[in-house]
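Report on the structure given below.
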Amino acid sequence: MYVRMNEKVAGTKTSIVPKVIIYILLVALLIAIVVPVAWVFMASIKQNTEFYGNPFALPQGVYLQNFVDAWTKARMGDYFFYSVMITALSLFILLLVALPASYVLSRYRFWGSKVLNTCFMAGLFINVSYIVVPIFLMFVSGDKVVKSIFGSTFFLNNPFVVSVVLASTTLPFTIYLLSGYLATLPKDYEEAAYVDGAGYFTTMVRIILPMAKPSIITVILFEFLAYWNEYIISMTMLTDPNGARTLPVGLLNLMKAQNAKAEYGQMYAGMVMVMLPTLILYMCVQKKLTQGMTLGGLKG
């Protein structure tokens, strides 16, 4: 009896130690993430004179002029508009292509379907950083041809072209997520729709896609975060300093300009403008985002 009691106590202590270590690591990770973000928010409402003292000191007041100057003088308002436009257009193009492609690849078997599935799955392993330079050089060559014919360029500094490239780079992951979920739906619904006289397109739009709403919402939310924070493609394709720029690219230009002027408040206000929409969105839809990814990824 005494030996069993000791074994239980030893087993309890052994099981508690890993949990304590995990909690300590999680708290340390939380501090490492929250502290820099909170510091940026505090710095965005400070005056420039406050940056020359203790950088971790609390703001003496709320100086909202930093946001006004960043929005107007630093053109963050224009960058915000272009980010919204490119993100919305990229999502539209992505869903326009990915929804029917995922439906066909997951519900039907035809000649070449396995090859197409393999190609899309291979696209998951291609990093955009590896192909952005070849795409840029291809667009430069294309603009030379277009300019010689029409007298103006088309591919570079075009938000629509940037949206097409962004949608293309995220298409493999989207098809993987959607097709994995659509493949789990019973085919009885389609057979009943065919009996009632519905065609393939009507069945997809009115029967299958409404049932795949959780996975579609997950794709929209996840890709919104990716498009909003995207930097490499936008920086490479939008080369005109006075033209269209997204918020991440505009923020880099603002940081370079403010390093010489020492307008740190405007710089951190610009950072807040970039972070705030994604933080709010992620906090609102965190559960749906993780549940939808698990639902589409594991069942497929």
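In what follows, residues are counted from 1 in the order of the sequence shown.
- For the residue pair Ser129 and Asn127, the shortest heavy atom distance occurs at N-OD1, 2.9 Å.
- Side-chain contact between Tyr79 and Val249: absent, with no pair of heavy atoms (C-beta onward) separated by less than 4.5 Å.
- Formation of a donor-acceptor pair under 3.5 Å by the Asn157 side chain with backbone atoms of Asp240 is found in this model.
- Ring geometry for Trp228 versus Phe224: interplanar angle under 30°, hence parallel rather than tilted (30 to 60°).
- Between Val272 and Tyr268, the closest side-chain pair of non-hydrogen atoms is not below 4.5 Å.
- Thr170 contributes atom OG1, which lies 9.5 Å from atom CD1 of Ile175 (distance to the nearest 0.5 angstrom).
- Ring centroids of Phe139 and Phe154 are separated by 6.0 Å or more, keeping the two rings apart.
- Looking only at side-chain heavy atoms (C-beta outward), Leu64 and Val68 stay at 4.5 Å or farther from each other.
- Listed for the Glu230 side chain is no donor-acceptor partner under 3.5 Å among the backbone atoms of Leu166.
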Q. Given the rule in the side chain to side chain contact (heavy atoms under 4.5 Å, CB included) test, do Arg107 and Leu185 qualify, once you have shown the distances and angles that lead to the verdict?
A. CA-CA 9 Å; Arg107 310 294 289 182; Leu185 300 178; 3.5 Å; yes

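- Heavy atoms from other residues, nucleotides or ligands lying under 6.0 Å from CZ of Phe92 number 12 at most.
- Criterion: ILVMFWY side-chain heavy atoms under 4.5 Å apart, direct or through other members. Under it, Tyr82 and Leu225 are not part of a common hydrophobic cluster.
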Q) What's the verdict on side chain to side chain contact (heavy atoms under 4.5 Å, CB included) for Asn66 and Ile45, showing C-alpha distance, side-chain angles and the deciding distance? A) CA-CA 7 Å; Asn66 292 329; Ile45 57 176; 5.6 Å; no

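- Using a distance-only test at 3.5 Å, with no hydrogens or angles considered, no donor-acceptor pair links the side chain of Ser234 to the main chain of Tyr231.
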Q: Report the C-alpha distance between Glu223 and Leu94 in whole Å, list the side-chain angles of each, state the deciding distance to 0.1 Å, and finish with yes or no for side chain to side chain contact (heavy atoms under 4.5 Å, CB included).
A: CA-CA 9 Å; Glu223 300 304 343; Leu94 177 69; 3.6 Å; yes

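- Ile217 is connected to Leu182 through a chain of hydrophobic side-chain contacts under 4.5 Å among Ile, Leu, Val, Met, Phe, Trp and Tyr, so both are in one cluster.
- Between the CZ atom of Phe173 and the CG atom of Leu178 there is a distance of 9.0 Å, given to the nearest 0.5 Å.
- Nearest heavy-atom pair, Pro36 versus Ile33, reported as atom, atom and distance to 0.1 Å: CD-O, 3.4 Å.
- Looking at Pro100 and Met204, their side chains come closer than 4.5 Å, going by heavy atoms from C-beta outward.
- In terms of heavy atoms, Ile131 sits closest to Pro134 at O-CD, 3.2 Å.
- In terms of heavy-atom proximity, Ala70 sits nearest to Gly270 at CB-N, 4.3 Å.
- Under the 4.5 Å side-chain contact rule for hydrophobic residues, Phe81 and Val274 do not share a cluster.
- Nearest heavy-atom pair, Ile86 versus Val162, reported as atom, atom and distance to 0.1 Å: CG2-CG1, 4.2 Å.
- For the pair Ile135/Thr169, no side-chain contact is recorded, criterion being any heavy-atom separation below 4.5 Å from C-beta on.
- Leu209 and Tyr189 fall within a single hydrophobic cluster, where Ile, Leu, Val, Met, Phe, Trp and Tyr are joined by side-chain heavy atoms under 4.5 Å apart, directly or via other members.
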Q: With side-chain hydrogen bond (donor to acceptor under 3.5 Å, both in side chains) as the test, would you mind laying out the steps for Ser102 and Tyr181 before giving the verdict?
A: CA-CA 9 Å; Ser102 302; Tyr181 181 82; over 6 Å; no

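- To the nearest 0.5 Å, atom CE of residue Met211 and atom CD1 of residue Ile216 are 11.5 Å apart.
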Q: For the pair Tyr108 and Tyr103, evaluate side-chain hydrogen bond (donor to acceptor under 3.5 Å, both in side chains) and give the outcome as yes or no after the intermediate values.
A: CA-CA 8 Å; Tyr108 300 99; Tyr103 172 70; 3.1 Å; yes

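- The cluster map of Ile, Leu, Val, Met, Phe, Trp and Tyr, joined by side-chain heavy atoms under 4.5 Å apart, puts Leu30 and Phe41 in different clusters.
- Residues Pro159 and Ala244 share a closest heavy-atom pair of CG-CB, 4.0 Å.
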Q) Stepwise, does the side chain to side chain contact (heavy atoms under 4.5 Å, CB included) test hold for Phe222 with Leu177? A) CA-CA 11 Å; Phe222 190 83; Leu177 187 63; over 6 Å; no

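- Residue Ile149 holds its CD1 atom at 11.0 Å from OG of Ser152, rounded to the nearest 0.5 Å.
- Ser83 contributes a side-chain N or O that, together with a main-chain N or O of Leu247, makes up a donor-acceptor pair within less than 3.5 Å.
- No more than 12 heavy atoms of other residues, nucleotides or ligands shown are found within 6.0 angstrom of OH on Tyr200.
- Looking at Glu190 and Tyr194, their side chains come closer than 4.5 Å, going by heavy atoms from C-beta outward.
- Residue Phe110 qualifies as enclosed at atom CZ: its count of foreign heavy atoms under 6.0 Å is above 12.
- Side-chain contact check for Thr246 versus Tyr227: every heavy-atom pair is 4.5 Å or farther apart.
- Put simply, OG1 on Thr278 and CG on Leu276 are 8.0 Å apart, with the number rounded to the nearest 0.5 Å.
- Of the inter-residue distances, the one linking Met275 atom CE with Asn229 atom CG reads 10.5 Å to the nearest 0.5 angstrom.
- Looking only at side-chain heavy atoms (C-beta outward), Met273 and Leu251 stay at 4.5 Å or farther from each other.
- Distance alone, capped at 3.5 Å, is enough to place a donor-acceptor pair between the Asn158 side chain and the Phe160 backbone.
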